[in-house]
There are 2 protein chains.
Amino acid sequence: MTNATEAILVADKTNLGAITADDVARLAGVSRWTVNRAFKKDASISQTSLDKVMAASDQLGYVPDLLAASLATNKSNLVSLLVDDFSNPHKLIMMERLTRILRKNGWDTLLVNTNNEEDASAALLNARQRRVDAAVLIGISFNDHALSAAHSAQRVNKLIVFARTSENPDTISICCDDQIAMTTITNYVIEKGYKRPLFLAGPQTISAHLGRKETFSRLWEAQFNVTPDFISVPIYDPVRAYERTKEYLEDLPIEMRPDVIVCENDALAMGAINAIRYAVGLRVPQDIAVTGFDDIPQASGPEYRLTSYRQPITAMAEALVTILKGDDTGETLDKFVGTLISRESA
Amino acid sequence: MTNATEAILVADKTNLGAITADDVARLAGVSRWTVNRAFKKDASISQTSLDKVMAASDQLGYVPDLLAASLATNKSNLVSLLVDDFSNPHKLIMMERLTRILRKNGWDTLLVNTNNEEDASAALLNARQRRVDAAVLIGISFNDHALSAAHSAQRVNKLIVFARTSENPDTISICCDDQIAMTTITNYVIEKGYKRPLFLAGPQTISAHLGRKETFSRLWEAQFNVTPDFISVPIYDPVRAYERTKEYLEDLPIEMRPDVIVCENDALAMGAINAIRYAVGLRVPQDIAVTGFDDIPQASGPEYRLTSYRQPITAMAEALVTILKGDDTGETLDKFVGTLISRESA
DNA sequence: GCAATTTGTGCACGCGGGTGCAAGAACCAA
DNA sequence: TTGGTTCTTGCACCCGCGTGCACAAATTGC
């Protein structure tokens, strides 16, 4: 029996994906390392050998094992994506964009659900055990964690906070400039002639919300010398926003009623719109206008027609890739500028 | 210099996560294999050794490397999740549930975006390269692929179609019984007294939709001896559903107007509701009622109050874990039964 | 046609840890 | 105290591939 036939038999027998470079080498009549070279671009290999190896690989259905490669090179080409809020459709957009763009550049994405508080540090630990090249945080309650988890996070190659600012020095933040964004929104609201704004914010402990709410307050004060009112909800959830807005509006004398509700994101904005319409029986935007943030797909539907602010997710994802590649040009990554999408809600 | 001090120095120097069992062993004064045992439950190790190892590990911040472990055991504890439609919020629910439950049972999830046609087979190939224990397909356009990709998929340990039936013998399907589900919905519609249903379906090439639409048609015919009308859209997108429903209703003489639209899922139902309200100017449910499928979070909001059908995702995810664990009790996995959620839309 | 290059190829060793076995230590009853 | 158990521990070898180097082959120049 020739080596080649033997290799085929072996391959057939171990159908469960146990075809190694050795098998291919045997079939192709070269050494294992030559097989290696055939799959590594920029490697020095003769056309003859390459052809032989490729033919053998096709025949056996060989593909290099990434696990072993990762172990050997200490580079996993893996990024773990920590998500702590699966109720916001915007997460879906970010996931879609990130997975697609990372994939295009050779990285796979490990999706980790950190809904439970303690999950975050466990996830970071896990990320380390899997040797991920970076951990990307898309979420809201990470800022506290990020700090406490930092010590374990030290061991994670790169800690990246995506679409949110982070004051933690151990992390890299890729996000929009909230100042610019809120300035755009505030100017829009002012230009539209609204006079009595209400700001609907998310959790109070988060820096990003502080950024948006406070920027808005500051700008408004600068213009009109009055501090706009605000309400907040403990989580970014339309139902909570609905209830809070309802509660707020119901108790309010008509003359004090806001003429626009500026929301920290679209999820809250939708809750607010629902409250205005179905709880208080008013019209949007005639009685109360509403603005959002994120421009999730639902925002464009006829039921909301929400004026919102779209972040350049694609560009941000590509910035992430740049970081992963290590082509760190030292550019600032927390000053992305998005676009205001003007619709009928305000 | 003692071995212990040396180990510490080494650990300090190679701060980048290069602490191996050897380092710990040196510090603890035992062999590397004893360190191994300390981290493997059910391993035979003395309390003394365990304590020493744990103390040393804590000091050095050692955690076993999963990559190396996967390589050695040929078990990655990794599942790749192939998603081809990031526009449906229901995906978010499934992802949340799957990642959480898989994690709880020791598996990590690789999220793969297969929006592009060719991605599916590439993803399967990649899954194999990463030695995933299983590839889970959550999507709509996999049935054709699954077949063609089967040859490359053979090499993936397990191919699981989640929340959708699959006629491909190489795959395991974990899903609701569409017959039972549609029977429940149909009976509900009949009991409510609707007489002129319209079925709004998704892509025509997919078996699951055939299941739902055809079951509905069959049941309705059995009851009233007339074939209900139906329309369809090429993708599960509210905007498409809106347009198609609008187009359909606009051209229709009032006397032929349906009194209920039964939709293949909530995304389509929302589009239909929007069309009824904002394009045609009718009321839901007074003029036309609507039912959905999936019971996505948005369905319960005051703007839709959608009557829908909730799949037992948690139980289904747990069934997936059972399969992964290999405790295959041979139970049928494509006969899950969900719950009809009755709301005001129908 | 021979030396000087320029490829091309094979190999030892390593990545970090798992497995099964065998030898040593500790324990028990007689 | 001794023979036999049971519990611990160490070790050789393996998982599949990457790296750097040395040697062989092909190419070039004169």
Per A:Arg131 side chain, nearest of listed nucleotides D:dC17, D:dT19, C:dG16:
C:dG16
If I take atom CD in residue B:Gln47 and atom P in nucleotide D:dT8, what distance separates them, rounded to the nearest angstrom?
10 Å
Report yes or no: is there a donor-acceptor pair, N or O only, under 3.5 Å between the side chain of A:Arg37 and the base of C:dG10?
yes
Do B:Arg26 and B:Asp23 come close enough that some side-chain heavy atom pair is under 4.5 Å?
yes
Counting side-chain heavy atoms from CB outward, which of D:dG16, C:dG17, C:dG10 is closest to B:Ala21?
C:dG17
For the side chain of B:Thr73, starting at C-beta, report the closest nucleotide among C:dG18, D:dG10, D:dG16.
C:dG18
Inter-end axis angle, the helix from C:dG1-D:dC30 to C:dA30-D:dT1, with every axis fitted to five base pairs (rounded, 10 degrees):
20°
May I ask you to verify if any side-chain N or O of A:Ser46 is less than 4.0 angstrom from the OP1 or OP2 atom of D:dA26?
no
To the nearest 0.5 Å, atom NZ of B:Lys335 lies from atom CD1 of B:Ile174 at 14.5 Å
What does B:Tyr62 touch in the nucleic acid at a heavy-atom separation under 4.0 angstrom: a base, only the sugar-phosphate, or nothing?
sugar-phosphate
Distance check needed: C:dG17 P versus B:Asn77 CG, whole Å only.
16 Å
Answer with base, sugar-phosphate or nothing: what part of the nucleic acid does B:Ser49 contact at a heavy-atom distance below 4.0 Å?
sugar-phosphate
Counting only N and O atoms by type, is there a donor-acceptor contact under 3.5 Å from the side chain of A:Ser76 to the main-chain atoms of A:Arg131?
yes
Of the candidates C:dG17, D:dC17, C:dG16, the side chain of B:Leu71 sits closest to C:dG16
For A:Asp334, give me all partners under salt bridge (Lys or Arg N to Asp or Glu O under 4.0 Å), at least two apart in sequence or on another chain.
none
Would the distance check show the side chain of A:Thr114 and the main-chain N or O of A:Val83 forming a donor-acceptor pair, the cut-off being under 3.5 Å?
yes
Taking only N and O in the side chain of A:Thr34, is any of them less than 4.0 Å away from OP1 or OP2 of C:dG10?
yes
Any side-chain N or O of B:Ser31 under 4.0 Å from OP1/OP2 of D:dG10?
yes
I'd like to know if B:Arg32 reaches the base of C:dG17 with its side chain, counting only an N/O donor and acceptor under 3.5 Å.
yes
For atom NZ of A:Lys40 and atom P of D:dC17, their distance in whole Å
14 Å
Which is true for A:Ile45 with a 4.0 Å heavy-atom rule: it touches a base, it touches only sugar-phosphate, or it touches nothing?
sugar-phosphate
Among C:dG17, D:dC17, D:dG10, the nucleotide that comes nearest once only the side chain of B:Trp33 is considered
D:dG10
Find the distance B:Asp22:CG to C:dC15:P and express it as a whole number of Å.
9 Å
For atom CD of A:Gln129 and atom C1' of C:dG17, their distance in whole Å
13 Å
When you check the phosphate oxygens OP1 and OP2 of D:dC15, does a side-chain N or O of B:Lys75 lie under 4.0 Å from one of them?
no
Taken to the nearest whole Å, CG/B:Asn74 to P/D:dG16 is 7 Å
Of B:Thr48 and B:Ala72, the one whose nearest nucleotide on DNA chain D sits closer to the 5' end is B:Thr48
Just to verify, what does A:Thr314 make a side chain to side chain contact (heavy atoms under 4.5 Å, CB included) with, not counting sequence neighbours?
A:Arg97, A:Ile101, A:Glu318
Any chance you could measure A:Leu333, atom CG, to A:Cys175, atom SG, to the nearest 0.5 Å?
9.0 Å
Test: A:Asp133 and A:Lys158 ion pair at under 4.0 Å:
no
